[in-house]
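Lettering follows sequence order; numbering is per chain, from 1.
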Amino acid sequence: MKYAVEIKKLKKNYQNFNLKIDNLNIPSGVVVGLIGENGAGKTTLIKLLLNAINKNDGEIKIFDKDLKHNEIQVKEDIGVVLDNSFFPETLNAKNIDTIMKDIYKRWDSKLFYKYLNDFKIKDNQILKAMSKGMRKKVEIATALSHHPKLLILDEATSGLDPIVRNEILDLFFNFIEDEEHTIILSTHITSDLEHIADYIVFIDKGEVVLEKQRDEIIDNYGILKCDTDQFNKIDKLDIVSFKKNKYNYEILIDDKEKCQKKYKDFIIDKITLEDLMLLIIKGGK
Amino acid sequence: MIGLIKKDLLMIKNNYKNIIIVLAIYIFYSFQFEMNMYFLLPLMGLMICISTINYDDFNNWHTYAVSLPQGKSGVIKSKYITTISVILLLSIFSLLIDIIIGNFKGDLLIEESFGVCIGALFAMIFMMSILFPILFKYGAEKGRIAMISIGLGIFGLVMLVSKVIQLEIPKNLIIIFDLYSPIIIIVSSILMIAVSYIVSKKIYLKKEF
């Protein structure tokens with residue numbers, strides 16, 4: 001299998017927080033959703049992938065090339081949309097095209113203007129005068145216009161209305177039609193990932209706590225709901241985590257089929273990524 | 001890297017109104033008074049280039065910039081090239097204006113004009129070499145405080161030393177400087193830029209965004 005990103009024994013230490021990823025391989029041609037609460041380490045991981053921060057230890061390979069020693073070559077293949085970091089606001093889209101022509105070897109002005117046209121964005125309007133949605137669209141057009149193979153998106157759809165979010169997700173669908181293209185998408189809006197992501201990487205307290213295919217999660221994981229008496233009868237090995245509510249228990253299980261047979265009188269609900277996050281982070285074991 | 005230089009130049013272009021105002025003041029003073037204002041245009045160039053660093057900080061540009069293929073080294077290199085080019089161009093421009101006005105007024109002293117222009121250029125390069133590592137280390141906000149503190153510190157130190165020790169420059173040294181001043185200025189400018197660039201790059205490579 002070809003990997004877009006390979007991470008081995010990665011460590012980044014801060015005073016109050018450590019990121020530690022022993023092994024994480026992201027295959028080419030997939031959409032990977034990075035989930036986790038604020039401060040879990042998603043942005044730290046993204047910044048490490050971009051060499052914006054220095055790692056303490058470990059190895060990062062992108063398209064089989066060591067990031068540290070092949071930075072220019074590797075970054076030619078990466079398109080980036082970051083949360084709250086882009087060109088200065090006094091510049092306009094036309095300026096961005098002028099600049100990017102000399103940044104990326106494969107910068108495609110025609111494609112950039114096509115995106116602007118599709119998004120109905122005037123090329124002479126400065127970023128400061130644009131709405132948040134328009135600005136995000138310019139950022140995405142910029143990230144896509146040098147024909148990258150890997151898109152790294154940090155909160156690219158946050159703060160946008162559902163219509164703009166859908167337009168942007170459609171763009172990502174188009175991008176991923178090419179089997180060599182990969183997207184790493186970090187977002188709080190887990191419903192977006194339920195639509196688009198193939199893989200889910202769940203980071204909590206600086207460590208990868210779950211790394212699975214989205215369908216595997218949706219098909220196998222579930223929430224078993226029961227009262228205290230029923231809860232006491234459940235085999236503790238079947239419980240991934242649980243949350244005690246006022247009147248019932250919500251138990252996260254990772255083998256729905258087995259549990260459906262084993263606990264016939266129990267209600268097992270489908271899981272959403274949001275439920276999964278909540279139960280793993282806030283739930284007990 | 002050319003793209004990053006273009007980005008700074010496009011930002012500077014947005015300051016064209018300030019450039020025109022300073023240019024008008026410069027021409028007016030040159031016509032009206034017997035005074036040298038050579039430093040004015042290159043100083044404004046330096047200030048505008050520093051303002052691009054402030055504006056980069058304000059817009060969180062750095063994280064995005066270092067994610068581009070040129071990386072952290074490219075950001076530093078482009079900032080130095082842009083600033084030196086702007087200072088150099090505005091110094092040449094000052095000289096040209098002075099030659100034109102001097103010719104017009106009939107009081108042109110080309111050697112003196114050239115000497116003062118080189119001196120102004122050297123002063124700006126000295127300022128840039130000191131300021132840039134501070135700005136890259138502390139960012140625009142803290143950097144401004146650090147700049148003022150260091151400036152006052154140097155000024156205070158010079159005043160103190162000159163009061164305590166009555167420094168007299170040896171005559172031989174003045175003769176040597178007179179003879180070789182262009183070479184001394186060029187070599188020391190290159191050295192200052194090189195040291196400043198190396199320090200800034202080291203700071204920026206360590207910096208996290």
Side-chain angles (χ1 to χ4, degrees), chain A residues 12-14 43-44 46-56 67-92 94-107 126-128 135 139 142-143 146 148 150-154, chain B residues 1-19 48-79 81-83 85 135-137 139-141 201-209:
Chain A
K12 175 67 193 169
N13 304 327
Y14 290 106
T43 302
T44 304
I46 283 178
K47 285 181 176 177
L48 284 164
L49 291 177
L50 298 171
N51 220 6
I53 54 175
N54 306 311
K55 61 182 190 285
N56 291 95
L67 175 65
K68 203 180 170 187
H69 300 110
N70 302 279
E71 190 174 354
I72 296 176
Q73 217 181 338
V74 166
K75 284 183 177 174
E76 282 285 345
D77 288 328
I78 302 178
V80 182
V81 177
L82 297 171
D83 187 22
N84 209 18
S85 178
F86 192 52
F87 279 95
E89 288 177 330
T90 49
L91 301 179
N92 57 34
K94 204 173 179 179
N95 294 151
I96 292 171
D97 176 55
T98 310
I99 294 163
M100 287 310 207
K101 271 180 203 167
D102 291 304
I103 298 261
Y104 290 105
K105 283 179 194 160
R106 294 198 303 266
W107 179 259
I126 60 167
L127 295 172
K128 202 177 181 178
R135 206 186 135 114
E139 290 179 30
T142 309
H146 62 282
L150 171 64
L151 259 189
I152 297 180
L153 312 162
D154 190 14
Chain B
M1 198 189 55
I2 294 167
L4 296 174
I5 295 172
K6 275 186 180 176
K7 175 236 148 212
D8 281 336
L9 292 178
L10 282 164
M11 283 171 73
I12 290 169
K13 203 182 112 191
N14 295 333
N15 269 313
Y16 73 96
K17 280 179 191 163
N18 295 339
I19 298 172
I48 287 174
C49 289
I50 287 173
S51 76
T52 65
I53 300 177
N54 297 350
Y55 214 69
D56 287 347
D57 280 3
F58 178 74
N59 287 278
N60 296 315
W61 155 253
H62 295 284
T63 317
Y64 188 76
V66 300
S67 76
L68 300 173
Q70 287 75 10
K72 290 179 178 174
S73 310
V75 173
I76 293 294
K77 208 183 281 176
S78 66
K79 218 44 134 185
I81 292 174
T82 311
T83 308
S85 308
L135 287 168
F136 287 123
K137 171 85 180 167
E141 275 303 308
K201 194 175 158 183
K202 216 171 175 183
I203 289 167
Y204 205 73
L205 286 176
K206 273 190 185 170
K207 212 168 175 183
E208 310 222 308
F209 301 99

Visitor: Between I72(A) and P69(B), what is the shortest heavy-atom contact and its length?
Guide: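 Residues I72(A) and P69(B), closest heavy atoms: CG1-O, 3.2 Å.
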Visitor: Below 30° counts as parallel, above 60° as perpendicular, anything between as tilted: where do the rings of Y64(B) and F86(A) land?
Guide: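 Perpendicular.
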Visitor: Rounded to the nearest 0.5 Å, how far apart are CG of D56(B) and CZ of F87(A)?
Guide: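 Result: 10.5 Å between the selected atoms.
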Visitor: Tell me, out of I5(B), I2(B), L68(B), who's got the most heavy-atom pairs with chain A below 4.5 Å.
Guide: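 The option with the most such pairs is L68(B).
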Visitor: How long is the straight-line distance from CG of L9(B) back to CD1 of I99(A), given to the nearest 0.5 Å?
Guide: 9.5 Å
Visitor: Between atom OG1 of T63(B) and atom CD1 of I53(A), what is the distance when rounded to the nearest 0.5 Å?
Guide: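 T63(B) OG1 to I53(A) CD1: 10.0 Å, rounded to 0.5 Å.
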Visitor: Flag the one option from L49(A), V74(A), T98(A) with the top tally of heavy-atom pairs under 4.5 Å to chain B.
Guide: T98(A)
Visitor: For the residue pair L91(A) and L10(B), what are the closest heavy atoms and their distance?
Guide: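 Result for this residue pair: CD2-CB, 3.9 Å.
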Visitor: Main chain of M11(B), side chain of N95(A): is a donor-acceptor contact present, judged purely on distance under 3.5 Å?
Guide: no
Visitor: Show the nearest heavy-atom pair for residues G3(B) and D102(A), with the distance to one decimal.
Guide: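 So the minimum-distance heavy-atom pair works out to N-CB, 3.4 Å.
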Visitor: Let me know which of M1(B), Q70(B), K6(B) forms a side-chain contact (heavy atoms from CB on, under 4.5 Å) with I103(A).
Guide: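 Only one option passes, and that is Q70(B).
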Visitor: Look only at the side chain of K47(A) and the backbone of F209(B), and say whether a donor-acceptor pair between them is shorter than 3.5 Å.
Guide: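 Looks like yes, one N/O pair under 3.5 Å.
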Visitor: If we define contacts as heavy-atom pairs under 4.5 Å, which of V81(A), T90(A), D77(A) has the most with chain B?
Guide: T90(A)
Visitor: Against chain A, label K207(B) side chain, backbone, both or neither, depending on which of its atoms sit under 4.5 Å from a heavy atom there.
Guide: backbone
Visitor: So which heavy atom on S67(B) is nearest to which on L50(A), and how close?
Guide: CB-CD1, 3.9 Å
Visitor: Would you mind checking which part of K94(A) comes under 4.5 Å of any heavy atom in chain B, side chain (CB onward), backbone (N, CA, C, O), both or neither?
Guide: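 K94(A) has no heavy atom closer than 4.5 Å to chain B.
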Visitor: For Y14(A), does the OH atom have more than 12 heavy-atom neighbours from other residues, nucleotides or ligands under 6.0 Å away?
Guide: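 Yes - once you tally the heavy atoms of other residues, nucleotides and ligands closer than 6.0 Å, there are more than 12.
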Visitor: Can you tell which part of N84(A) gets under 4.5 Å to a heavy atom of chain B, answering side chain, backbone, both or neither?
Guide: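 Both the backbone and the side chain of N84(A) come within 4.5 Å of chain B.
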Visitor: Select, from Q73(A), K105(A), E89(A), the one with the greatest count of heavy-atom pairs under 4.5 Å involving chain B.
Guide: E89(A)
Visitor: List the atom of E71(A), the atom of G71(B), and the distance in Å for their closest heavy-atom pair.
Guide: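 The answer is OE2-CA, 3.7 Å.
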Visitor: In terms of heavy-atom pairs under 4.5 Å with chain B, which of N54(A), I78(A), V80(A) leads?
Guide: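 The option with the most such pairs is N54(A).
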Visitor: List the atom of N59(B), the atom of P88(A), and the distance in Å for their closest heavy-atom pair.
Guide: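 What the structure gives for the nearest pair is CG-CA, 3.6 Å.
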